[in-house]
Number of protein chains: 2
Amino acid sequence: MAAEHSAAPAAGRDALVAAALRLFADHGSDATSVRDIAAKAEVSPALVMHHFGSKAGLKTAVDEHVAAVFASLGEAEAVEALTVREHEHDGTNVLSAGFVQLLLDGLPPGSPIPAYLRRLLLEGDPAGHEIFARWLDASRSALKAMEGAGLARASADPEVRAAFLMVNDLAMILLHDHIARATGVDPLTHDGLHRWSADVLDAYTDGVFRKEPA
Amino acid sequence: MAAEHSAAPAAGRDALVAAALRLFADHGSDATSVRDIAAKAEVSPALVMHHFGSKAGLKTAVDEHVAAVFASLGEAEAVEALTVREHEHDGTNVLSAGFVQLLLDGLPPGSPIPAYLRRLLLEGDPAGHEIFARWLDASRSALKAMEGAGLARASADPEVRAAFLMVNDLAMILLHDHIARATGVDPLTHDGLHRWSADVLDAYTDGVFRKEPA
DNA sequence: CACCATACTGAACAAACGTTCAGTCCGCGC
DNA sequence: GCGCGGACTGAACGTTTGTTCAGTATGGTG
């Protein structure tokens with residue numbers, strides 16, 4: 001019954017960040033109360049103020065945690081994440097689905113981070129702007145590298161082309177719930193991503209539209 | 001000073017829906033209080049309960065209003081909104097950018113509806129699921145029609161292809177703020193959409209990737 | 001003209017919110 | 001073994017939230 005008191009280095013702090021990340025991702029930070037977070041972390045609401053000063057401070061700490069996770073996923077690898085590469089299992093060329101592939105490979109299955117990322121991008125959060133800008137840089141670089149290697153056609157408007165490809169990639173994360181519900185294919189699972197990527201690669205290589213009616 | 005009382009048919013009702021639509025779109029419904037809405041509509045907070053029973057009732061009314069606007073935009077035309085057609089101004093073929101084009105043509109410039117749509121789709125709102133499913137139907141139909149007319153290559157996976165095209169289209173709305181900020185091209189303006197569509201059409205017809213290094 | 005339904009308000013409500021504060025517990029350096 | 005500092009709590013604070021309610025004004029109908 002008695003609460004455990006400890007001078008151990010901030011166990012509650014990590015629990016709060018983890019609980020807040022999950023709840024913010026699932027319901028949004030506005031719809032999540034400090035009491036909800038504290039209850040999930042099995043800790044007193046006042047501990048939020050003790051460690052972070054305010055609810056907003058907790059939000060900042062969560063943002064920093066997420067940024068650190070992205071960084072640990074290997075930011076440098078993101079550049080090559082968009083490239084087409086040989087798929088080991090079946091020997092066919094398959095489009096590594098960019099950032100989605102990166103997230104899927106590097107994150108545990110039930111991770112709240114994709115959903116949190118969705119909210120960051122939706123809510124006009126400065127942290128979201130920063131991530132978008134950094135990833136767009138990676139997309140630009142990857143496209144340029146592929147052009148150089150003769151793997152991509154040069155576009156007349158490289159800036160738009162890089163944004164187009166990256167935004168399409170992000171859309172899969174943002175709308176994956178709708179996609180899974182309406183089509184039965186969930187591109188955030190391994191099998192779903194494989195099926196999705198196959199058709200995307202086909203569209204990107206052989207095209208979608210015809211110039212002249214056949 | 002004295003408030004105007006009238007038995008006129010619910011002027012305050014419309015004002016409330018309009019104010020709520022704008023505030024919900026800009027800040028999210030959770031972050032918008034009944035008092036904020038009433039203040040913007042220049043009306044008493046209690047009027048929300050009188051007309052809609054609760055804040056949630058207002059939200060439902062706003063959803064219905066938005067659905068009605070979409071319907072009035074011409075749901076039937078949505079089917080052909082994805083098709084490639086002759087552009088009158090410069091005589092070139094241009095991809096009518098699907099739902100985005102439809103919204104841009106049919107809505108007044110500063111309309112809160114695109115932003116509201118963004119929130120519907122990203123917040124897991126049931127109203128968002130419905131819109132997504134209905135539009136995906138339109139996308140499927142349009143793609144099939146284009147295949148029939150020889151304007152589109154047949155995909156091995158038509159279900160994924162239809163979703164892919166539609167999701168890419170929606171991504172432009174969902175991320176337009178990020179796109180505009182990071183690239184300087186805002187695809188929700190006329191000029192920005194033209195530049196964006198030109199490159200998208202190029203990508204969709206001539207492809208993005210090469211099968212073999214050149 | 002009297003009546004009633006309806007649009008609408010101002011003051012108040014309980015509940016939930018973020019935050020404050022005095023105080024308890026305990027490992028670690030002295 | 002003493003005390004300092006940091007982790008942590010429980011109860012309370014004032015504010016804001018969604019909602020209730022009694023009441024006023026007014027146009028349309030008998």
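Basis for what follows: all heavy atoms, side chains included, without hydrogens, waters or symmetry-related copies. Per chain, numbering begins at 1; letters A, B, ... match sequence-line order.
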*asked:* What is the separation between atom CZ on R13(A) and atom C1' on dT9(D), rounded to the nearest whole Å?
replied: 18 Å
_Can you confirm whether the side chains of S155(B) and D202(A) place a donor and an acceptor under 3.5 Å from each other?_
no
*asked:* In whole Å, I'd like the distance from the CD1 atom of I37(B) to the P atom of dC8(C).
replied: 16 Å
*asked:* For dC8(D) and H51(A) - does any side-chain N or O of the residue sit under 4.0 Å from the phosphate oxygens OP1/OP2?
replied: yes
*Identify which nucleotide among dT9(C), dC8(D), dC21(C) has an atom closest to any side-chain atom of L47(B), counting heavy atoms from C-beta outward.*
dT9(C)
*Look at the side chain of A46(B) and decide which nucleotide, out of dA7(D), dG10(C), dC8(C), has an atom nearest to it.*
dG10(C)
*Tell me yes or no: between the side chains of T189(B) and D186(B), is some donor less than 3.5 Å from an acceptor?*
no
*Rounded to whole angstrom units, what separation is found between the CG atom of L16(A) and the C1' atom of dT9(D)?*
13 Å
*Answer yes or no: does a side-chain N or O of H50(A) lie under 4.0 Å from OP1 or OP2 of dC21(C)?*
no
*asked:* What is the distance, to the nearest angstrom, from the CE atom on M49(A) to the P atom on dT9(D)?
replied: 13 Å
*At under 4.0 Å, does any side-chain N or O of S33(A) touch on OP1 or OP2 of dC17(C)?*
yes
_Whole angstroms only, please: what is the CG-P distance between D30(B) and dA16(C)?_
16 Å
*Sugar-phosphate only, base, or nothing, as touched by V48(A) at under 4.0 Å among non-hydrogen atoms*: nothing
*May I ask you to check whether N168(A) and Y204(A) show a side-chain donor-acceptor distance below 3.5 Å?*
yes
*Starting at NZ of K55(B) and ending at C1' of dT16(D), how long is that distance when rounded to a whole Å?*
12 Å
*Atom CG of L58(A) and atom P of dC17(C): how far apart are they, to the nearest Å?*
15 Å
*Would you check if there is a donor-acceptor pair between the side chains of D63(B) and Y116(B) at a distance under 3.5 Å?*
yes
_K144(A) atom NZ: more than 12 heavy-atom contacts under 6.0 Å_ = no
*What's the CZ-C1' distance between F52(A) and dT19(C), to the nearest Å?*
16 Å
